[in-house]
Amino acid sequence: MALISALYNYWMVIVLMMIGLYIILTQRNLVKKIIGLNIFQTAIYFFFVSVGKIAGGSPPILSESPPPYSNPLPHVLILTAIIVGVATMALALGLVVRINEAYGCIDEHELAGRDGDE
Amino acid sequence: MLVTALAIASVRDLFAAVMLMGIYGLLSASFFVLMDAVDVAFTEASVGVGLVPLLMIYTLGMTRDVNREAKASPGSLALVSIAAALLFFGTLDMPAFGSADAPAHRHTAPRYLDESMTETGIPNVVTSVLASYRAYDTLGEVTVVFAAGVGVLALFFPGASSTLDAGNPSLRQYTVPRIIGKILIPPILIFALYVQFHGEYGPGGGFPAGAIFASALIMYAMLFGLQTLKRVVNHELIRVLAAAGVLLFGTVGVLGMASGGNFLDYDYLAADAKTGQHAGILLVELGVGITVASVMLLQFLAFADRKNAMENG
């Protein structure tokens with residue numbers, strides 16, 4: 001029982017991550033694949049932030065609340081990761097739009113078939 | 001959150017999936033607050049709920065492809081199960097959640113928590129680590145954001161058109177959102193500036209502030225039409241600003257070097273180290289905020305322009 005409550009967060013992260021991976025593997029629509037990638041990515045954010053949490057801790061802003069403070073390092077990493085993630089996701093979506101303009105579809109199998117014809 | 005993720009996986013309608021992404025983002029932000037990561041929560045709330053679904057909707061609007069039934073392949077299911085089992089096995093060795101003496105808390109973190117107040121004089125440790133101790137990494141990340149913005153522009157370059165806004169993506173015809181928007185947008189902009197400049201003392205800083213600022217302007221474009229936004233913010237100006245933010249960051253670094261320290265060493269910017277740190281962090285965060293806000297606006301405008309161009313032939 002203690003084990004379950006101690007590792008519950010990490011297990012949920014694994015489940016989320018695997019849902020994301022499953023979407024990436026099975027979906028044929030490129031936008032849906034990007035959504036899967038996004039879920040995978042957020043699962044990793046959750047993992048890092050969970051590692052940084054200290055039970056009974058407070059946000060790492062000194063002098064406002066008493067110690068212990070949660071670990072600020074994962075926060076820094078994830079804060080920047082979110083913004084970079086969005087910027088690169090926009091790039092991925094841009095690529096999808098251009099693929100659609102060039103091929104008229106964003107279905108993985110159809111795309112592969114068309115490339116084979118040429 | 002798990003339920004939402006499962007729903008996203010199973011729902012076939014792409015539009016519904018994108019809407020669920022918004023809910024997922026909001027839940028993530030609440031989770032971050034629970035985990036004491038207030039700065040992260042700010043960023044996720046403005047980005048995950050607003051920008052991500054928005055850009056996805058634009059993409060869907062431009063592609064109009066039906067989502068065919070995904071075939072449930074036993075191979076990928078097996079692969080996913082095996083990966084899950086391995087990861088699960090890995091967690092058994094992890095320290096219990098929330099324990100204060102986990103290895104992650106014992107090396108660099110105490111140094112930052114104990115010393116950063118005397119070294120930088122800034123209460124928000126997340127800000128001081130981001131902008132001072134780890135400024136190199138942050139400079140790299142800002143450059144990545146900038147590069148991604150340039151990438152989107154490059155992808156959409158030939159289609160950069162100035163067609164008249166047909167009013168399609170805007171909600172101009174609805175009165176209630178318009179009035180609420182009019183009331184809300186100015187406070188959001190001011191809040192973004194507050195988050196920007198108060199980042200040293202409370203949760204905040206350049207990254208969330210830039211995202212909030214951009215969201216407010218994008219909301220304005222959605223309510224009053226793209227052309228109205230373009231009258232307010234000049235396209236050229238945002239492009240210049242996106243680069244200027246990175247440049248500001250780098251310049252502060254070089255200034256530190258010129259006045260006798262290392263690259264991005266703020267101690268030498270002013271007579272005493274603390275003032276120097278203050279000034280350095282403030283300037284660097286400003287650079288981050290400017291770049292993030294303008295890159296997000298640029299990307300949004302690129303998508304919106306492209307969509308307009310397609311609709312008008």
Side-chain angles (χ1 to χ4, degrees), chain A residues 6-7 9-12 14-16 18-19 21-23 25-29 31-32 35 38-39 42 46 49-51 53-55 57-64 68-73 75-76 78-80 82-84 86-91 93-98 100 105-107, chain B residues 2 5 8-9 14 17 21 28 32 35-40 43-44 47 51-52 55-56 59-60 62-63 65 67-68 70 72-73 76 80 84 87-88 91 94 96-98 100 104-105 108-109 112-113 117 123-126 129-130 134 138 141 144-145 148 151-152 155-156 207 292 295 299:
Chain A
L7 297 174
N9 262 50
Y10 303 135
W11 292 348
M12 286 304 111
I14 293 176
V15 174
L16 275 178
M18 289 307 121
I19 293 174
L21 185 61
Y22 187 71
I23 295 177
L25 286 174
T26 54
Q27 296 287 338
R28 289 165 55 179
N29 187 298
V31 175
K32 197 73 183 277
I35 293 179
N38 203 328
I39 292 180
T42 42
F46 297 152
V49 172
S50 299
V51 168
K53 167 80 177 167
I54 293 179
S58 41
I61 297 169
L62 307 177
S63 79
E64 257 183 29
Y69 301 107
S70 287
N71 194 334
L73 273 180
H75 299 183
V76 176
I78 299 312
L79 179 67
T80 48
I82 290 178
I83 299 286
V84 172
V86 174
T88 45
M89 198 203 65
L91 193 64
L93 289 173
L95 281 172
V96 170
V97 170
R98 287 308 299 263
N100 182 62
C105 72
I106 49 168
D107 185 280
Chain B
L2 209 58
I8 293 173
L14 283 172
M21 275 313 284
S28 325
F32 288 138
M35 293 292 118
D36 295 338
V38 276
D39 300 75
V40 185
T43 320
E44 176 68 23
V47 157
L51 278 167
V52 172
L55 288 177
M56 284 188 168
T59 314
L60 288 184
M62 276 186 278
T63 51
D65 203 4
N67 189 23
R68 286 172 193 78
S73 72
S76 35
V80 167
L87 285 170
F88 181 82
T91 58
M94 300 240 345
F97 168 71
H105 303 310
T108 40
Y112 291 138
L113 285 171
M117 196 61 184
N124 187 349
V125 186
V126 174
V129 172
L130 180 101
R134 296 251 148 226
T138 311
E141 268 141 6
V144 172
V145 170
V152 170
L155 280 176
F156 289 161
F207 283 98
V292 169
V295 164
Q299 290 181 334

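Letters A, B, ... mirror the listed sequences (proteins, then strands); counts begin at 1.
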Out of curiosity, Ile82(A) CD1 to Thr43(B) OG1, how far, rounded to the nearest 0.5 Å?
5.5 Å

Scored by heavy-atom pairs under 4.5 Å with chain A, the best of Thr138(B), Val52(B), Val144(B) is Val52(B)

Please answer whether the main-chain N or O of Ala87(A) pairs with a side-chain N or O of Gln299(B) as donor and acceptor at a distance below 3.5 Å.
yes

What option among Leu93(A), Leu91(A), Leu73(A) has the most heavy-atom pairs under 4.5 Å with chain B?
Leu93(A)

Val292(B) versus chain A, heavy atoms under 4.5 Å apart: side chain, backbone, both or neither?
side chain

Minimum heavy-atom separation for Ala148(B) to Thr88(A), with atom names?
CB-N, 4.2 Å

In a check of side chain to side chain contact (heavy atoms under 4.5 Å, CB included) between Glu141(B) and each of Ile83(A), Val84(A), Leu79(A), which one passes?
Val84(A)

With a 4.5 Å cut-off on side-chain heavy atoms, are Met21(B) and Ile35(A) touching?
yes

Chain B contact via Met89(A) - which portion, at a heavy-atom distance below 4.5 Å:
side chain

Distance in Å, Glu44(B) CD paired with Ile78(A) CD1, rounded so as to fall on 0.5 Å steps
10.5 Å

